[in-house]
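Take a look at the structure below.
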Amino acid sequence: MIHRASQLFLPTLRDDPADAEAISHKLLVRGGFIRQVSAGVWTFMPLGWRVHRKVEQIIREEMDAIGGQEMLMPVLTPAELWEKTGRLDIPEVFHVEDSPYILPVTHEETVTFHAREIQSYKQLPQLWYHFQTKDRDEPRPRGGLLRVREFIMKDAYSFDRDEESVKVSFEANRGAYKKIFERCGIEAYDVVAESGIMGGKFSVDFLAPSGSGENVLVRCQNGDYAADGDIAEAVPRVPTFPETLVAPEEISTPGVTTCEALADFLGVDIAATSKAMPVTKPDGSVVLALVRGDDRLSEMKLYDAMPGESRPSTDEEIRAAFGASGGSLGPVGFAGEVIADETLRDGQFVAGANKDGYHLRGVEAGRDYEPRFADLREPKEGDRCPVDGGTLEFLVAVEVGHIFNFGSFYSKPLEATFLDEDGQEKPLLGGSYGIGPGRVMAAIVEQHFDENGIQWPRSVAPYDVHLVVLPGADEIALEAAEALSANGLDVLLDDRDQRAGEKFADADLIGCPIRVTAGKKSLEDGRVDVRDRATGVERRLSVAELGKEV
RNA sequence: CGGGGCGUAGCUCAGCCUGGUAGAGCGCUCGCUUUGGGAGCGAGAGGAUCGCCGGUUCGAGUCCGGCCGCCCCGACCA
């Protein structure tokens, strides 16, 4: 197939758009792939839509390969369904004014509505999917296609009879996702996602390292460990402890309220200090979370250690519970519960004395206070791999896929049950598996570009070949285009009346994997120049060779 | 929702501090010369109620107030 650039709606831009920061945002806009309509709301222009559809097709093939059945569920969804599952109050849900409908963020309710037609274990398992628009009133769209308010998602849903079967479905989808990302040319890691907030259900994220993104991927340089930065377990360095004391010793630390200042003031390793973070539970009780002075408290992990709605304590609550202000708080003498990070299990630390302007040296867990231990710290640069002690890398990443085991969360309220072999009526066990092709596009660009533009992997490129026609070479260019097209390749024939430099610049920007140039040199020797976009390697081939070799 | 920034031509921006009748480059049209990495010369068209509303002033793109939109950081994120 041949498309003439002179007839396409393909507005490329010489300058970066003023409001773009992320590479993928800049290049996709400049290359004429996408345009913004309003914050987080985007149009895919002809070129962008071609890429989107290629990504879709890869996803479709891999879903079909594991037995997925494509269907299409509507966007408009009765709010009633969501009322039953308790998701109507999710703030991101768009409500349609003066109507009983909502615009859903995903389709679990709708798919479970249909799953009610499953009657017997004999019909299980099922795997259904569709590509459909999702609307989410995101508080903050950002980064071009990286986070948007409306997008097309491939969401798949599995239904199974028991946990064992759920596992099989889940792993099948995980495998399909790996193939999808591989085929799209994306380096992605499947990592266990934060599960605490979802009440123990299991989910896996696929994180693609990227120049910009909202997630942090923690990865061992030896390749044996990868995790979401929110919940990664990493091995912190061992502190240098001062001389051991038989009992805590009070010291005056006037005006010292941060661990950094404390370590400086006392001349001790900051890792040998402890940091107290009081939180208040719904019943009003104050719990003290304790981490090492050089660590940050992970809210996610604290939630895991102490489920329920807690929040940082107010100044008044702190004063009442400790008799001191923030900056001088510590576990010794505190009457409430203390949850201490594992790093505080051994050794003696400097802690707040619960007396403004004073700290205690030589505070030891188990001797001076009785904590409950938990993993509470945020992993950080310099930590070691929990598997082999190797160096950990912290990479900004984009979440390109999320697979989720939700059990009977939806089937129970929506009464989607089946009759099992033992004659018992049981709720279907579900899983959901999402990928946003638009975000995948952005991630591909984030991983494949240079200073001149995008370098699409062949599998998703808008066209296989960008054929640059220079003056006088129209005839041989057309022959070349037809030879390539006859070979099953999609050709962008740049027949615009523009200078060579501009055409080359556009070709680099748009990023088709192969560029063919027909120009003066072709007229001399009857051949064309074939250049690989990614490597820059160029060779001269006859039209006949083109058909065979490209 | 908190913090910061921005809003002037299709695009990228200057002008605002210090108020006085709106600018540049790119783009667009035509011609000639050029033509293998964003050309040169000439001619030309069109183009911004300076985001909106209000205020101050003889006079507001410029100063003041309010609002809206967009971007970035944070919070949030099925």
Side-chain angles (χ1 to χ4, degrees), chain A residues 11-22 25-26 29-30 32 35-41 77 82 85-94 102-109 111 134-144 146-149 151 153 155 157 193-195 197-199 201 203 205 212-215 228 230 299-300 311-312 399 402-406 409-410 430 432-434 436 439 451-453 468-473 477 494 496-509 515-525 527-529 531 536 538 540:
Chain A
T12 56
L13 303 176
R14 182 185 290 226
D15 300 309
D16 282 336
D19 54 9
E21 195 100 344
H25 184 182
K26 289 180 184 172
V29 171
R30 279 188 57 207
R35 284 293 185 269
Q36 185 169 34
V37 176
S38 90
V41 179
T77 303
W82 285 58
T85 59
R87 294 213 301 167
L88 199 55
D89 297 328
I90 293 173
E92 283 77 25
V93 175
F94 278 107
I102 57 142
L103 307 180
V105 297
T106 56
H107 278 75
E108 278 86 358
E109 280 79 357
V111 82
K134 305 292 182 245
D135 291 283
R136 300 179 181 186
D137 197 0
E138 294 288 350
R140 189 182 154 209
R142 71 188 89 182
L146 291 175
R147 179 168 287 276
V148 294
R149 286 209 170 98
F151 62 102
M153 178 188 237
D155 38 327
Y157 303 91
E194 11 94 11
S195 54
I197 290 189
M198 289 318 299
K201 284 173 293 181
S203 82
D205 268 341
S212 38
E214 302 175 307
N215 298 70
D228 187 304
D230 284 336
E299 286 178 39
M300 208 72 78
R311 53 169 175 80
E399 180 191 329
H402 194 174
I403 61 179
F404 205 72
N405 170 12
F406 57 70
F409 187 90
Y410 299 95
S432 66
Y433 315 90
R439 194 184 266 186
E451 64 277 13
N452 296 317
V468 173
V469 189
L470 297 179
D494 193 348
R496 295 173 303 167
D497 182 22
Q498 271 173 339
R499 302 186 60 80
E502 293 180 61
K503 292 192 181 191
F504 289 144
D506 272 350
D508 288 344
L509 174 61
R515 186 185 83 193
V516 172
T517 307
K520 191 172 58 190
K521 295 173 189 167
S522 310
L523 299 178
E524 285 163 9
D525 66 6
R527 297 188 290 176
V528 293
D529 290 312
R531 178 196 279 241
E538 190 162 71
R540 182 158 295 182

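Chain identifiers are assigned alphabetically (A, B, ...) following the order of the sequence lines, protein sequences preceding nucleic acid strands; residue numbering begins at 1 within each chain. Just so you know, these numbers use all the heavy atoms, side chains as well, and skip hydrogens, waters and symmetry mates.
Where Lys503(A) and Val105(A) meet RNA chain B, the nucleotide closest to each residue was compared, and Lys503(A) sits on the side nearer the 5' end. Nearest-nucleotide positions on RNA chain B place Asn452(A) closer to the 5' end than the other of Glu108(A) and Asn452(A).
Remark: rC50(B) base-pairs with no nucleotide; criterion is Watson-Crick or G-U wobble with both hydrogen-bond distances under 3.5 Å. Pair check for rA14(B) finds none; no Watson-Crick or G-U wobble contact set falls under 3.5 Å. With a 3.5 Å ceiling on both atom-pair distances, the Watson-Crick or G-U wobble partner of rC1(B) is rG74(B). When Watson-Crick and G-U wobble pairs are counted only if both distances are under 3.5 Å, rG27(B) pairs with no nucleotide at all. Pair check for rC63(B) finds rG55(B); Watson-Crick or G-U wobble, both atom distances under 3.5 Å. Across all strands shown, rA39(B) pairs with rU33(B); the Watson-Crick or G-U wobble distances both stay below 3.5 Å. Across all strands shown, rC6(B) pairs with rG69(B); the Watson-Crick or G-U wobble distances both stay below 3.5 Å.
The environment of CG in Asp497(A) is sparse: at most 12 heavy-atom neighbours from other residues, nucleotides or ligands sit within 6.0 Å.
Counting to the nearest Å, the P atom of rC77(B) and the CZ atom of Arg87(A) are 14 Å from each other. Residue Arg30(A) contributes atom CZ, which lies 15 Å from atom C1' of rG27(B) at whole-angstrom precision. Going from atom CD of Glu138(A) over to atom P of rC1(B) covers 15 Å, rounded to whole Å. What separates CZ of Arg496(A) from C1' of rC28(B) is a distance of 15 Å, to the nearest Å. For the pair Asp228(A) CG and rC77(B) P, the interatomic distance rounds to 13 Å; values are reported in whole Å. What separates CG of Leu509(A) from P of rG37(B) is a distance of 18 Å, to the nearest Å. Regarding Arg35(A), its CZ atom lies at a distance of 17 Å from the P atom of rC70(B), rounded to whole Å. Following rounding to the nearest Å, Glu214(A) (CD) and rC72(B) (C1') show an atom-to-atom distance of 13 Å.
Glu214(A) meets the side chain to side chain contact (heavy atoms under 4.5 Å, CB included) test with Arg142(A), Arg147(A), Arg439(A); sequence neighbours excluded. Arg35(A) meets the side chain to side chain contact (heavy atoms under 4.5 Å, CB included) test with Pro11(A), Leu13(A), Val29(A), Met45(A); sequence neighbours excluded. Remark: Asp16(A) engages Lys26(A), Arg30(A) in a side chain to side chain contact (heavy atoms under 4.5 Å, CB included) (not counting sequence neighbours).
Within 4.0 Å (heavy atoms only), Ser38(A) reaches sugar-phosphate atoms of the nucleic acid but no base atom. The residue Gly86(A) sits apart from the nucleic acid: no heavy atom pair falls under 4.0 Å.
Separation of the C1' atoms belonging to rA48(B) and rU12(B) is 15 Å when rounded to the nearest angstrom. rG69(B) and rC53(B) are spaced 15 Å apart, taking the C1' atom of each and rounding to whole Å. Only the P atoms considered, rG23(B) is 31 Å distant from rC70(B), to the nearest whole Å. Of the C1' atoms belonging to rU62(B) and rU18(B), the separation is 10 Å, rounded to the nearest Å. One C1' atom belongs to rC28(B), the other to rC17(B), and the distance between them is 36 Å to the nearest Å. Taking the C1' atom of each, rA22(B) and rG65(B) are spaced 25 Å apart, rounded to whole Å. Rounded to whole Å, the separation between the P atoms of rC11(B) and rC52(B) comes to 16 Å. Taking atom P in both rG54(B) and rC50(B), one finds a spacing of 13 Å when rounded to whole Å.
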Problem set entry | Nucleic acid footprint by protein, nucleotides 9-14 of chain B - heavy-atom cut-off 4.0 Å, B for base, S for sugar-phosphate alone | ---SS-
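When all heavy atoms are compared, the tightest approach of Lys134(A) to Val105(A) is CD-O, 3.4 Å. Residues Asp137(A) and Phe94(A) share a closest heavy-atom pair of N-CE1, 3.3 Å. A pairwise comparison of heavy atoms in Ser203(A) and His402(A) identifies OG-NE2, 3.0 Å as the closest pair.
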N/O to N/O distances under 3.5 Å, protein versus nucleotides 4-6 of chain B:
none

Nucleotide N/O of nucleotides 34-36 of chain B paired with protein N/O under 3.5 Å:
from: rU34(B); atom 1: O2; to: Arg499(A); atom 2: NH1; distance (Å): 2.7
from: rG36(B); atom 1: N7; to: Lys520(A); atom 2: N; distance (Å): 3.1
from: rG36(B); atom 1: O6; to: Gly519(A); atom 2: N; distance (Å): 3.2
from: rG36(B); atom 1: O6; to: Lys521(A); atom 2: N; distance (Å): 3.1
from: rG36(B); atom 1: O6; to: Ser522(A); atom 2: N; distance (Å): 3.3
from: rG36(B); atom 1: N1; to: Asp529(A); atom 2: OD2; distance (Å): 2.7
from: rG36(B); atom 1: N2; to: Asp529(A); atom 2: OD2; distance (Å): 2.9

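Using a 4.5 Å cut-off on side-chain heavy atoms (C-beta onward), Glu108(A) and Thr85(A) make no contact. Using a 4.5 Å heavy-atom cutoff, the side chains of Lys520(A) and Pro471(A) are not in contact.
In terms of polar N and O atoms assigned as donor or acceptor, the side chain of Arg147(A) comes within less than 3.5 Å of the base of rC77(B) in a complementary pairing.
With Lys503(A) contributing its side chain and Arg496(A) its backbone, the two residues share a donor-acceptor pair below 3.5 Å. Without hydrogens or angle criteria, Tyr410(A) side chain to Val111(A) main chain gives no donor-acceptor distance under 3.5 Å. Side chain of Gln36(A) to backbone of Ser38(A): a donor-acceptor contact under 3.5 angstrom is found.
Inspection of the Asp155(A) and Thr106(A) side chains reveals no N or O donor paired with an N or O acceptor under 3.5 Å.
Rounding to the nearest 0.5 angstrom, the gap separating the CG atom in Leu470(A) from the CD atom in Gln498(A) is 11.5 Å.
Side chain of Arg142(A), nearest nucleotide from rC72(B), rG37(B), rC26(B): rC72(B).
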